Amino acid sequence: MQTTLTERNILFLSELRHIDMCERFLNTHRDVRGEGYLVIPLNAEIEYALTKKGIAFQSGKEYRTPDAARMILAEEWAFSIFQSESWSFFTYRGVSLGHLYAQSLQGYLMKVIYFTDIVSNVVKKHPYAQRLVVFPAPSARPAVERCLTGAMIEALVDVVTNVAQESGKEAIVPHDSLTAPGRSNFAAYNLRRMVFGCGIAILNGAIALMRRPRRIRILVSDYWRNLAPLLQYLDSAEVMLLDRQESFKAGMANIWKYRMRFLHLDAFSPKVSDKRKQAQASFLHKWHSIKNASGPSAFLIREFSIQHLVVKALDRIVTEVTTRTLVDIDNAHALIARLKPDVVMLRATISAQTHFAILADVARAQGVPSIEMQHGLMYLGQGSTGRHHRAMYTGVYGPLVQKEMEVAGDNQSIPVVIGSPRFDVYARAEKDEGAKDITNGERVTFLCIAHMVAPEEATDSYDVVEYFQAIASAMRKIPNAHIVLKLRPGPNRDPFLLATIASLFKGVSYSIVQFEPLTDLFHRADVVISGYSTAALEALQCGKPLVYVGLCPLERMTGLHHFLPYAKEGAVRLASSEEELSHMLRELANDPGARQRLSENARNFLAREYAFDGEASRRAAEFITSLVSKEPLQGLQC
């Protein structure tokens, strides 16, 4: 779209439903049409829908600053707040609330910085704009909100309003008469939860009566699929699971075998204590003192301060979120004191779901060991959201991750080399079937792992399009090649993504898969292409040559931090530009020897730096047994 840079009205669209809202707004505001307006969608999917409807727009992509600043600044700012002396009061019963909320605040700041960068660049490029129109966030909310969920949803509206106020412009947030009432599903959710809770209570009672207690009592907040592989190696273990929906995954045979009970964190909820009331009152008083003194620093993005938004988020944390958190801490103390577990197993202590870290801290306060198993590819460099694990021990994939945690100063948790019970299947398959030939006749097959889309994290929709665009361009230069595009599992296939792929890969031999297991796909691939995903490690375990693609600044930063040691050993190829990617894919397509060398180097690297030998489940079970018996276990690296 050609713009005159004199448009008086800028309309921001961040959701598909905003297209209809925009049309209704323009139909009822003839003055806006007369003065001139510019529609700016903020993701590629909206642009696809606008194009189909024939609505002119200016791409939000043109106003982004392609750098990694939002990750780095968000981490720096979030921890500068909660680690400052003025927030040292923010603890309750052995739990640091600052540590609990830092990751959520960091995620919120990433989103605010992302949008502020775009909106500030729009204002700078369109100096004649008098009004900034931003359509409202959904009034409906999840039945159960995590820390700062509401603030995340409202971030764009708050950013546009803030920038408009600081630049002397009018901000308009049109009322959406068709928006569903907030929390419309809340009553139905509570009813289902009550019925489900009654059924679980009956099951728990029956199991407790009919099955004798076991020697090892494990309190778990994790998925059954992560727990099941190691339980088979534990002698006389019983499980108390806090994720009650996992009862359907476990099945009656396992529930009976492991004397499983399914609880909620508030299963033994104590009465409201004077200590909790006093803590809440003290937090409010000290927070108001901080605000009245000087408040947080300016937090400048371009020439705009987001201090107001930071204060608003902190106010939300102290006045709303903390109330629920103090209850959770008291409940966790009561739960662990009542159940007396020998060990606590947790899925992720760095999470917007604060109960994981609460359980870790409360277990530590009560002298109960806790362990978190690594379930994904960690990033521990600048801007990381994952540098502060809370469990007493972290079961890591191998010595490389152990060293990364130490370098990153992640010292609240002791890294223990376990491997991955989930990955044991790869080592066993190789032993059962033998090494497979990585070539497949004359045609070379590439497997491409699709990115996730998350503007507050690593990549947005524009990055995903550029990722596929670069790969499609490289594939056109390789004769007699085929590429399999592995999309993320989901309820359906995104029409926008399918249309984008069809356009970009026109003239290229390709197929799309979504629900097929990676193990099956790896067997059919000669080369794997991936961004920052655990799938990259899975490909290496299957002996597949891997090309890591870090085209956008954030993927480049995370990939170069973690995968550089692999590349130095010739175990992975790192592509930081479209030209490098094209050269690497052509070389690997044309040279089976290069693929073989890359595969062999990867196997040697994994053998040295990871414990992917098919014995992780056994090691995890032995480590848990050693915690219960309080005897050091020989052979484990701590």
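Note that the structure is a prediction, hence the values are computed from the model and not measured.
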When the ring planes of [X] and [Y] are compared, do they come out parallel, tilted or perpendicular, using 30° and 60° as the limits?
X: Phe496; Y: Tyr48; value: tilted
X: Phe299; Y: Trp77; value: perpendicular
X: Tyr510; Y: Phe505; value: tilted
X: Phe89; Y: Phe283; value: tilted
X: Phe82; Y: Trp87; value: perpendicular

Worksheet item: In Å, rounded to the nearest 0.5 Å, how long is the span from CG of Leu551 to CD of Glu466?
Response: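 Separation between the atoms: 8.0 Å.
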Worksheet entry | Approximate separation, where rounding is to 0.5 Å, of His175 NE2 and Met21 CE | 9.0 Å
Item to complete: Apply side chain to side chain donor-acceptor pair (under 3.5 Å) to Thr325 and list each qualifying residue two or more places apart in sequence or on a separate chain.
Response: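 Only Tyr101 meet the side chain to side chain donor-acceptor pair (under 3.5 Å) criterion with Thr325.
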Discussion item. According to side chain to side chain donor-acceptor pair (under 3.5 Å), who are the partners of Ser86, at least two apart in sequence or on a separate chain?
Written reply: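 Counting only residues at least two positions away or on another chain, Ser86 forms a side chain to side chain donor-acceptor pair (under 3.5 Å) with Ser84.
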Worksheet item: Is Arg347 close enough and on-axis enough to Tyr223, meaning under 6.0 Å and within 45°, for cation-pi?
Response: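 Pair Arg347/Tyr223 counts as cation-pi.
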Discussion item. Exactly one of Leu13, Leu156, Asp460, Val134 should register a side chain to side chain contact (heavy atoms under 4.5 Å, CB included) with Leu42. Which one does?
Written reply: Leu156
side-chain contact (heavy atoms from CB on, under 4.5 Å) involving [X] - partner list, sequence neighbours excluded:
X: Ser511; value: His482, Val484
X: Thr534; value: Leu377, Tyr397, Arg422, Phe423, Glu538
X: Ser88; value: Glu85
X: Arg586; value: Lys477, Ile478, Ser582, His583, Asn590

In the structure I gave you, are the side-chain heavy atoms of [X] and [Y] within less than 4.5 Å of one another anywhere?
X: Tyr92; Y: Thr322; answer: no
X: Leu546; Y: Leu537; answer: no
X: Arg70; Y: Leu554; answer: yes
X: Tyr532; Y: Phe563; answer: yes

With sequence neighbours left out, write down each residue that passes salt bridge (Lys or Arg N to Asp or Glu O under 4.0 Å) with [X], or none if nothing qualifies.
X: Arg8; result: none
X: Glu580; result: none
X: Asp328; result: Arg324

May I have all residue pairs that pass salt bridge (Lys or Arg N to Asp or Glu O under 4.0 Å) and include part of [range], sequence neighbours excluded?
range: residues 502-512; answer: none
range: residues 39-57; answer: Asp20-Lys53, Glu23-Lys53
range: residues 29-41; answer: Glu35-Arg131

Item to complete: Compare every heavy atom of Glu166 with every heavy atom of Phe304, then report the nearest pair and how far apart it is.
Response: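 Taking every non-hydrogen atom into account, CA-OE1, 3.4 Å.
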Practice prompt. Say whether His561 and Glu404, considering side chains only, have a donor N or O and an acceptor N or O under 3.5 Å apart.
Written response: no
Fill in: Gln58 vs Tyr63, side-chain contact (heavy atoms from CB on, under 4.5 Å): CA-CA, chis, key distance, verdict
CA-CA 10 Å; Gln58 190 78 6; Tyr63 303 95; 3.3 Å; yes
